[in-house]
Amino acid sequence: MIDFRKAQELVLQQARSFGTEAVPLEQALGRVLAETIRADRDYPPFDRASMDGYAVRYNDLEKGVRQFTIVETLLAGYAPQRAIESGECYKIMTGAAVPAGADLIIRRENAEEQGGHMLLAERPAEALPAATLPAPADPRFPWRPFQNIARRGEDLLSGDIVIDRPCLCEPPVIGLLATLGHITVKVARPPVVGLLTTGDEVVPAGGAVSPVQIRNSNRWLLEAALKKAGAGPGVWGHAPDDPGLLRRRIGEMQGCDVLILCGGVSAGDADYVPGVLEALGVQKLFHKVAMRPGKPVWCGVTKEGKMVFALPGNPFSCLVNMILLIRPYLQACYGLPVAEPLGLAMGTARKKRSPLDEFFPVHCQGSPARVTPVTLNGSGDIRLGRQANALALHPAGADDLAEGEIVACYPFL
Ligand code: AMP
Ligand code: MG
């Protein structure tokens, strides 16, 4: 039996692109950008006032000028009427373009205004913008050229590459794309996922349920997880534990790029899924992974190169396989680096229960973060969804975990 890392490796070898598509920026959140993005102009695009104050000529300060005539007030978005001469200044606001000729901004707090003039304060309250800058050699002459001005092009020059690899469109990326004028973007096309739940006892969540039946929660769990992993829209179906009907339902999902089945992969009398998949010519990559829960998982690949994930039916087993195998597979298909687990400290001790790699649901919070196991009575316990926000790994071969010990945590999707 292989371990989960080997299983991940085998799955990741099958990763492939599903092409790209153009979407309006308002639909890009959570999608994976699939184009190189360059700066369309210099950034900042103009010498930009980074403080409210007065734009003057540095040379005037060197010459000893300490009083200036205010010729104009420059608000952000406005261009000046005329250039300043020696002894003149603009009153200027943060974000406004600093006109050529002016090359220094005196902060408002360091000046006084009297009858259309600006007088430099005798002792500048705070002459330097950043605490990290060295103190001026002469405290009575604390000015430097271009102080309080963000220079045109100091961040990026026109044509510079800004994004050169696939990246998840998080809010700051969306903001960046808007800054650069991209209101339509090329993103990775998600695979069309076919999800087939199985089981005679499993009935739709919204309908009547007899005492021996259970509601189909995995359809919802997996759909939500897939949505968060940026996959969909999908095709959903359910098959009873009947090899013929299973075959037919799987056949109906021919058009999908990826197939996920749920239930029927263990060693029970009604577990027909692996046999049916193999009979359909799906080539097995592995059956069973040395981990708990989720061990009976079966993975294979069709002749067309489509991945088939057949997950055990317990909700926790489903989730573990989703996080360990399906999510990394999708990330790799989109060209994203596969997310690494976070190493976090246990908030309590934990007993080892099985000799295999053991995943347990945890709640991570605090600073520094502490990992608290969430009570769960085995993989069939429905209380999984109450508090947990990550999976943690109690490795095979490890002893009991001590409080403070670092464990690998896989945040939920
Ligand atoms: P199986 O993997 O088919 O042996 O199922 C393992 C357990 O998961 C059984 O208790 C099933 O009733 C349950 N189960 C299977 N499919 C689902 C589903 N779609 N939603 C909720 N529970 C399920
Ligand atoms: Mg079943």
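Note that ligands are numbered from 1 as they come in the structure, with each ligand's atoms numbered from 1 the same way.
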In this structure, atom 18 (C) of ligand 1 is nearest to the protein heavy atom Asn218 ND2, 3.2 Å
For atom 4 (O) of ligand 1, what is the closest protein heavy atom, and at what distance to 0.1 Å?
Asp271 OD1, 4.0 Å
Asp47 and Arg152 ion-paired at < 4.0 Å:
no
Could you verify whether a donor N or O on one side chain and an acceptor N or O on the other, from Thr197 and Asn216, lie under 3.5 Å apart?
yes
Shortest protein heavy-atom distance from atom 10 (O) of ligand 1, along with the residue and atom involved:
Asn314 OD1, 4.2 Å
Indicate yes or no: does an N/O atom of Gly264 lie under 3.5 Å from an N/O atom of ligand 1?
yes
Counting each atom of ligand 1 from 1 as listed, which ones have a heavy atom of Arg215 under 4.0 Å away?
20 (N), 21 (C)
Ionic contact status for Arg247 with Asp242, cut-off 4.0 Å:
no
Counting heavy atoms under 4.0 Å, the part of Ile214 that contacts ligand 1 is side chain
Run down the list Cys262, Gly199, Cys318, Gly313 and name the one with the heavy atom closest to atom 14 (N) of ligand 1.
Gly313
For Pro312, atoms of ligand 1 separated by under 4.0 Å from a heavy atom:
2 (O)
Does one side chain, of Asp52 or Thr94, offer a donor that lies under 3.5 Å from an acceptor on the other?
yes
For Glu201, is there an ion pair with Arg215 - N to carboxylate O distance below 4.0 angstrom?
no
Identity and distance of the protein heavy atom lying nearest atom 12 (O) of ligand 1:
Glu201 OE2, 2.5 Å
Check for me whether Gly268 has a heavy atom closer than 4.0 Å to any atom of ligand 1.
no
Tyr78 and Glu72: side-chain donor and acceptor closer than 3.5 Å?
no
What verdict does the side-chain hydrogen bond (donor to acceptor under 3.5 Å, both in side chains) test give for Asp269 and Tyr272, after you've listed the backbone C-alpha separation in whole Å, the side-chain angles of each residue and the deciding distance to 0.1 Å?
CA-CA 8 Å; Asp269 286 355; Tyr272 299 115; over 6 Å; no
For Asn216, atoms of ligand 1 separated by under 4.0 Å from a heavy atom:
18 (C), 19 (N), 20 (N)
Identify the closest protein heavy atom to atom 21 (C) of ligand 1: which residue and atom is it, and at what distance?
Ser217 OG, 3.3 Å
If you measure only the distance, is there a donor-acceptor pair under 3.5 Å linking the side chains of His363 and Thr372?
no
